[in-house]
Amino acid sequence: MNTNHSPEDHTEATETFEADLKTLITSAFAHGAAIEATWVITTPLADAPDWIVTVERENSDPQSSDSHASPEK
């Protein structure tokens, strides 16, 4: 597996991955798929790692610009 990519290649690949992931999750959710779960992705290549992917739902607070902020009590 060739891992000698330029920083620009890494940035572009990461941006593409994030966009593709957002589209995948949004589309799957819209079609009723179970999104919140953990998956183990085993790759068929000896030189490639396996992956564990966990997706958790976070409901945005429309009154807060920071969705990670703790709610006021």
Side-chain angles (χ1 to χ4, degrees):
M1 178 175 285
N2 183 2
T3 58
N4 296 322
H5 300 286
S6 71
E8 292 81 14
D9 290 343
H10 285 288
T11 299
E12 183 177 339
T14 300
E15 289 172 354
T16 299
F17 168 74
E18 290 175 355
D20 290 349
L21 183 60
K22 181 178 180 179
T23 299
L24 173 67
I25 290 174
T26 303
S27 177
F29 178 76
H31 288 94
I35 303 298
E36 292 179 84
T38 298
W39 293 270
V40 177
I41 300 168
T42 305
T43 56
L45 305 173
D47 292 342
D50 295 335
W51 300 94
I52 297 174
V53 178
T54 301
V55 177
E56 298 177 8
R57 180 179 181 153
E58 179 177 278
N59 292 325
S60 299
D61 180 358
Q63 296 178 341
S64 173
S65 60
D66 181 2
S67 63
H68 296 289
S70 298
E72 294 182 353
K73 294 184 179 182

Treat each ILVMFWY residue as a node, draw an edge where side-chain heavy atoms are under 4.5 Å apart, and state whether Trp51 and Phe17 are in one component. yes

Would you be so kind as to tabulate the donor-acceptor pairs closer than 3.5 Å made by side chains of residues 24-44, with sequence neighbours excluded?
residue : atom : partner : partner atom : Å
Thr26   : OG1  : Lys22   : O            : 2.8
His31   : ND1  : Ser27   : O            : 2.7
Glu36   : OE1  : Arg57   : N            : 3.4
Thr38   : OG1  : Thr54   : OG1          : 3.1
Thr43   : OG1  : Ala48   : O            : 3.1
Thr43   : OG1  : Pro49   : O            : 3.0
Thr43   : OG1  : Asp50   : OD1          : 3.3

Are Ile52 and Leu21 in one and the same hydrophobic cluster, where Ile, Leu, Val, Met, Phe, Trp and Tyr link if side-chain heavy atoms are under 4.5 Å apart? no

